[in-house]
Q: 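Attaching a single structure in structure tokens format; questions to follow.
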Amino acid sequence: MAGLQQTNSEKILLSWVRQSTRNYPQVNVINFTSSWSDGLAFNALLHSHRPDLFDWNAVASQQSTVQRLDHAFNIARQHLGIEKLLDPEDVATACPDKKSILMYVTSLFQVLPQQVSMEAIREVEMLPRHSRVTREEHIQVHHQQRFSQEVSCFTFLLSSCCSEVFFFPYLPRKF
């Protein structure tokens, strides 16, 4: 259950993102996974602090998900000096890697204005618990656990049925 709780740093970061993107109706960041996969949150975050860098409407309405992600990562690299740490294709999934998103958003937090109101923090604390772990995240964890169990079972079966062949090849077999 510890993995389901947000740290104080995550709450502050999420509060900052929500406060920064509040004026972008297409953007509703509630986590550090699926909320980022369409590229709008990254672009809105950049545009909210540096509207001089690009036309929000052009990016939001005309580009594909991968193009929007690539756009945001290129803007951050060219104008803010943040290396392109993420590949658009890795983020444009139902459930991108939380730690990777956190790392990148933290990089943005370090170079952009960082004012976070208490109201924004309280808002994050009031988000429904179920929204913090999406259905896709739950399914991904379930599949990883199931795959791990299947591999363990297969390894056990393989080692038990083949040990005679691999370890005792010269012993006569009884059938």
Side-chain angles (χ1 to χ4, degrees), residues 1-138 140-141:
M1 285 291 171
L4 302 179
Q5 296 177 345
Q6 286 185 319
T7 65
N8 285 337
S9 298
E10 286 179 37
K11 286 180 185 176
I12 291 169
L13 199 58
L14 187 58
S15 300
W16 173 70
V17 169
R18 288 180 61 83
Q19 184 175 305
S20 298
T21 60
R22 182 167 282 139
N23 295 326
Y24 298 82
Q26 307 96 317
V27 178
N28 182 26
V29 180
I30 59 171
N31 58 39
F32 288 104
T33 55
S34 58
S35 294
W36 300 87
S37 61
D38 65 2
L40 290 173
F42 288 113
N43 280 290
L45 187 56
L46 291 168
H47 192 263
S48 71
H49 294 283
R50 294 290 309 271
D52 58 305
L53 296 179
F54 62 94
D55 177 15
W56 165 256
N57 291 324
V59 171
S61 64
Q62 295 180 0
Q63 295 185 344
S64 73
T65 297
V66 171
Q67 288 173 323
R68 284 192 298 261
L69 288 162
D70 196 48
H71 177 267
F73 300 154
N74 285 331
I75 290 291
R77 183 176 42 79
Q78 293 169 358
H79 298 279
L80 303 176
I82 297 174
E83 287 302 313
K84 197 172 177 179
L85 303 171
L86 303 172
D87 289 323
E89 294 79 12
D90 293 336
V91 179
T93 65
C95 191
D97 181 61
K98 180 180 179 178
K99 289 180 182 177
S100 298
I101 301 294
L102 274 168
M103 178 183 62
Y104 194 80
V105 175
T106 299
S107 297
L108 292 171
F109 183 77
Q110 291 172 342
V111 299
L112 294 171
Q114 304 162 356
Q115 297 175 339
V116 180
S117 70
M118 285 306 294
E119 176 188 345
I121 293 172
R122 277 190 224 99
E123 182 180 282
V124 165
E125 289 176 343
M126 298 304 288
L127 286 174
R129 292 258 178 219
H130 71 276
S131 68
R132 293 191 183 158
V133 178
T134 65
R135 183 174 183 274
E136 291 84 8
E137 289 171 309
H138 178 75
Q140 183 181 22
V141 168

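These figures come from a predicted structure and were not determined experimentally. Below, all heavy atoms of this structure are taken into account, side chains as well, without hydrogens, waters or symmetry copies.
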Q: Atom CG in Asn74, atom CD1 in Ile82: separation rounded to 0.5 Å?
A: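 So the gap between those two atoms works out to 12.5 Å.
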Q: What are the two closest non-hydrogen atoms of Ala60 and Arg68, and how far apart are they?
A: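 Result for this residue pair: O-NH1, 3.7 Å.
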Q: What residue among Phe32, Phe109, Trp36, Phe73 forms ring pair (Phe, Tyr, Trp, His ring centres under 6.0 Å) with Tyr104?
A: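 With Tyr104 as partner, Phe32, Phe109, Trp36, Phe73 yield a single ring pair (Phe, Tyr, Trp, His ring centres under 6.0 Å), made by Phe73.
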Q: Going from CG on Leu112 to OG on Ser48, what distance comes out if it is rounded to the nearest 0.5 angstrom?
A: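 Reported to 0.5 Å precision, the distance equals 7.5 Å.
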Q: List the atom of Arg22, the atom of Glu123, and the distance in Å for their closest heavy-atom pair.
A: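 Arg22 and Glu123 have their closest heavy atoms at NH2-OE1, 3.1 Å.
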Q: Report yes if some heavy atom in the side chain of Leu46 is under 4.5 Å from a heavy atom in the side chain of Leu53; otherwise report no.
A: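 The answer is no; the side chains never approach within 4.5 Å.
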Q: How far does CG of Leu80 sit from CD of Gln110, to the nearest 0.5 angstrom?
A: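 Separation between the atoms: 12.0 Å.
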Q: Minimum heavy-atom separation for Asn23 to Pro25, with atom names?
A: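 Residues Asn23 and Pro25, closest heavy atoms: O-CD, 3.4 Å.
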Q: Does the Asn31 side chain pair with the main chain of Thr33, one donor and one acceptor, at a distance under 3.5 Å?
A: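 Checking the backbone N and O of Thr33 against the side chain of Asn31, a donor-acceptor pair under 3.5 Å is found.
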Q: Yes or no on side chain to side chain contact (heavy atoms under 4.5 Å, CB included) for Asp70 and Lys84, after CA distance, side-chain angles and deciding distance?
A: CA-CA 9 Å; Asp70 196 48; Lys84 197 172 177 179; 2.5 Å; yes
Q: Does the side chain to side chain contact (heavy atoms under 4.5 Å, CB included) test come out yes or no for Trp16 and Leu108, once each step is laid out?
A: CA-CA 11 Å; Trp16 173 70; Leu108 292 171; 4.3 Å; yes
Q: Nearest 0.5 Å, please: how far is CD in Gln114 from OG in Ser20?
A: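 Ser20 OG to Gln114 CD: 10.0 Å, rounded to 0.5 Å.
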Q: Which pair of heavy atoms, one from Val66 and one from Ala92, lies closest together, and at what distance?
A: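 Minimum heavy-atom contact is CG2-CB, 4.1 Å.
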Q: Please report the interatomic distance OG(Ser15) to CG(Asn8), rounded to the nearest 0.5 Å.
A: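 These two atoms lie 10.0 Å from each other.
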Q: Among Val27, Ile75, Ile101, Val17, which one satisfies side-chain contact (heavy atoms from CB on, under 4.5 Å) with Phe42?
A: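 Exactly one option meets the side-chain contact (heavy atoms from CB on, under 4.5 Å) with Phe42, and it is Ile101.
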Q: Any donor and acceptor pair, going by atom type alone, linking the side chain of Ser35 with main-chain N or O of Ile30 inside 3.5 Å?
A: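 At least one qualifying donor-acceptor pair exists.
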Q: Less than 4.0 Å between a side-chain N and a carboxylate O, is that true for Asp97 and Lys99?
A: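 Looking at Asp97 together with Lys99, the answer is no, because their closest N to O distance does not fall below 4.0 Å.
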Q: Please name the pair of heavy atoms, one in Arg18 and one in Asn28, separated by the smallest distance, quoted to 0.1 Å.
A: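 So the two residues come closest at NH1-OD1, 3.1 Å.
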Q: If I take atom CG from residue Asn43 and atom OG1 from residue Thr21, how far apart are they, to the nearest 0.5 angstrom?
A: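 Output value for this atom pair is 12.0 Å.
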Q: For side chain to side chain contact (heavy atoms under 4.5 Å, CB included), just list the numbers for Leu85 and Ser107, CA-CA rounded to whole Å, side-chain angles, deciding distance to a tenth of an Å, and then say yes or no.
A: CA-CA 10 Å; Leu85 303 171; Ser107 297; 4.0 Å; yes
